[in-house]
There are 4 protein chains.
Amino acid sequence: MDEFIDIPNSKLSEKEKLILKAACETFSEKGYNATSTKEIAKMAGVSEGTIFRYFKTKNHILKGLLVQLIELVVENIALPPIEKILQNETNKDDKEIFKEIIIDRMNLVNNNFKLFKVIVSEALFQEDIRGVVYNKLISRATFIIDDYYEKMVRNGTARQLPSKIVFSSIVGSIFMFILKRNMDSLYSNVEQDDNIDKDIDFLIDIMFNGIGSK
Amino acid sequence: MDEFIDIPNSKLSEKEKLILKAACETFSEKGYNATSTKEIAKMAGVSEGTIFRYFKTKNHILKGLLVQLIELVVENIALPPIEKILQNETNKDDKEIFKEIIIDRMNLVNNNFKLFKVIVSEALFQEDIRGVVYNKLISRATFIIDDYYEKMVRNGTARQLPSKIVFSSIVGSIFMFILKRNMDSLYSNVEQDDNIDKDIDFLIDIMFNGIGSK
Amino acid sequence: MDEFIDIPNSKLSEKEKLILKAACETFSEKGYNATSTKEIAKMAGVSEGTIFRYFKTKNHILKGLLVQLIELVVENIALPPIEKILQNETNKDDKEIFKEIIIDRMNLVNNNFKLFKVIVSEALFQEDIRGVVYNKLISRATFIIDDYYEKMVRNGTARQLPSKIVFSSIVGSIFMFILKRNMDSLYSNVEQDDNIDKDIDFLIDIMFNGIGSK
Amino acid sequence: MDEFIDIPNSKLSEKEKLILKAACETFSEKGYNATSTKEIAKMAGVSEGTIFRYFKTKNHILKGLLVQLIELVVENIALPPIEKILQNETNKDDKEIFKEIIIDRMNLVNNNFKLFKVIVSEALFQEDIRGVVYNKLISRATFIIDDYYEKMVRNGTARQLPSKIVFSSIVGSIFMFILKRNMDSLYSNVEQDDNIDKDIDFLIDIMFNGIGSK
DNA sequence: TATGAATGAGGCTTCATTCAT
DNA sequence: CATGAATGAAGCCTCATTCAT
């Protein structure tokens, strides 16, 4: 329920990358089920038959994307900003570091928004995909956040609270922040004063100090 | 796609309700595309032909569900707790009221989780559904939250912040809180000390005061 | 390995009969694998989709034919001529009865030659089909022949020999007789003096008395 | 179909033999149509492309097997035992010679059972294959048997009967004898007292003297 | 000469939708 | 109104065959 997705040291061939890219594109536009292998083939610029040389099944393409996503996240999980925090040896303000992380993660999500969208949407209905997402990604993210939060508490920069609630607040806020930005840019016809840097400052401010007055 | 969704003051016939209920059930389990009309028919206990007497198209069933969702939310939008707040005349603590609202909304979501799941997952890929969701639900929710938040500011219980960031924080936190609870109950094999009441208190605490120490 | 072919009290619908007939026709001409369901559909005068309302799978069509064959044989297994012999109460000469049986069986085979051809050819390669053919048909036929032969021995009209060799001789002779007649009529361009009645007399003569002189 | 089968004095290259062997193996297991060229390639230990260097078409592989079969039979057709008979100069009993032939032929068939199976099964459906089988093999066998039988008649060891009926009896008996032995060994779970030598004696006994008492 | 990647036609099967009963 | 048989378009996938390397 988990290990049947083996994450190979996936050096993908050029063709495989082409196909996955095309699949990600079309899946994210029309959804997995509504996308035909013929469409993927056309977008990838290969014949339909070729797809099945590289992916036994249409569903295996999805799994391929999942593997990509996992690698992407895993590879990025121990990146500088987070290392810094875990090492906790800078003299930077906690909020400053937090901001770096948020920006870093936001970029990760934004740059791979389609990939996330495809995986999440299919995780809703495919048990095995869901299992992998939960075990490989969510539980890992939870662990990191918890670990980090714990450090903050020890450092005296955060107060003692149930970590799972803290998780919901932090991750939920960031997630919705990203999501809303994406949707607003699609739907809102009002021109936006898009000062993202300040926005993130506010977001962090709320995380640390809440919305309550003093 | 087909044509625009007109939200009738829909008094649904018994059969229509049966079908929508069955569709909601199966869609939420397998997804819209992966569900056949035959399955819906069987689960609803009607013939396949009957479905098409009430819904011109399979996609119209989905639209039917959307309409149901909208009515559900709209009907509940001016409910007592919110009224209280908007009237702002109680002597209750703001947090107390907030908690009531959260619990109320959480119940709404939990009781209709499948419906939400179906709509959200399809909104990801069907332009017209997405449009309706955004315009009828999200923008409305935004408006309400904004309005309420503004009151709090005026009352001096909240400090002045950009409302869209406040929205992300509040809605994101609550959303993730609900989502995580649902997922943990599915995947975590650790027995949970499920003290939801306290958890919500903490959630609100964080909203108002942040996670920062002092 | 045997019972998954359940022989229903197969009152076949008109459509099912049409499809099976068409399938038998095309299978026997081109073979099972080389026949497309589209061809069957066209020959049956129905749409391709219709086929799959009645037969879950292309292979189920074959199974359907097998069931037909079994019914055909089983229904015919206790027919008058054989009954007569088993009752053994006529004053007819054994050879006379034998001849009746052969003619009767030959007609059975000739009238359903295509059906036999299809089943036999597929039994060569499909394990489950082969199992059913062996258990339902061959072993049954063996039993009948053995039983009958034993009677002849008791009656003193046949001498004591190993029954399985007797089986090979009798069934093999008849089988090849039928087969050769069919093939000759296809390939031999010599006009045949087709005196089947006399031929059968000779065939039986050989069975009873061999080809040796005196 | 493609073109006529020319039976070259086929000295096959090593590769060709490998491919034909592999094809014979897989065809006999799964049937011609159900076997992919990729499977043949893998079993032959060559690449798929190589196959098509040696055989223009998948069907040409089958033809290649047919040629092999024909050579096999033709080469064996004038073998010592038969020569002996045709020369008719031994003092051995006719039955003795007959037995030798049967055993010899049986071995031929048994050793090349898969090849026979493949050819026969495809001859059922491929017109050109069938033609070759009939003209090159069956008519030739008929001729031999007829010739031999005629000699026996002249020698006084067999009585005068229509040769085509004699053919059916002899060939059918032997054929069924071999077939039944093969099937019984597959399906019968009863342990067999496999005294093949005696069995053949009985088979010949029946051929010469029939099953009738005295 | 040998390889195996690439192709695209075609096979089996599903399914939304229609319509006669 | 309700049914469910019929349809045929479209989907996923296989495979014989070609061809650049």
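Below, chain A is the first sequence line, B the second, and so on; all start at residue 1. Fair warning: this is a prediction, and the values are worked out from it, not measured in the lab.
If you measure from atom NZ of K42(B) to atom P of dA16(E), you get 14 Å, rounded to the nearest angstrom.
Residues I51(C) and I19(C) share a closest heavy-atom pair of CA-CD1, 4.0 Å. Of all heavy-atom pairs spanning L124(A) and S121(B), the tightest one is CD1-CB, 3.5 Å.
Side-chain N or O atoms of T57(B) include none that pairs as donor or acceptor with a backbone N or O of H60(B) at under 3.5 Å.
Between E39(A) and K42(A) there is no salt bridge, since no side-chain nitrogen of the basic residue lies less than 4.0 Å from a carboxylate oxygen of the acidic one.
Annotation: K117(C), atom NZ; neighbour count of heavy atoms from other residues, nucleotides and ligands within 6.0 Å is above 12.
Residue contacts for K15(B): at a heavy-atom cut-off of 4.0 Å it reaches the sugar-phosphate backbone alone, with no base atom in range. F55(A) comes within 4.0 angstrom of nothing in the nucleic acid, heavy atoms only.
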Practice task
Encode nucleotides 11-21 of chain F as B, S and - characters from 5' to 3', where the letter depends on protein heavy atoms closer than 4.0 Å: B to the base, S only to sugar-phosphate, - to neither.
Solution key: SBBB-BBB---
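Pair check for dA20(E) finds dT3(F); Watson-Crick or G-U wobble, both atom distances under 3.5 Å.
Listed pair Y54(B) / dA2(F) meets the phosphate criterion, a side-chain N or O lying under 4.0 Å from OP1 or OP2.
You'll find the side chain of Y32(A) stays beyond 4.5 Å of the side chain of N33(B), heavy atoms only.
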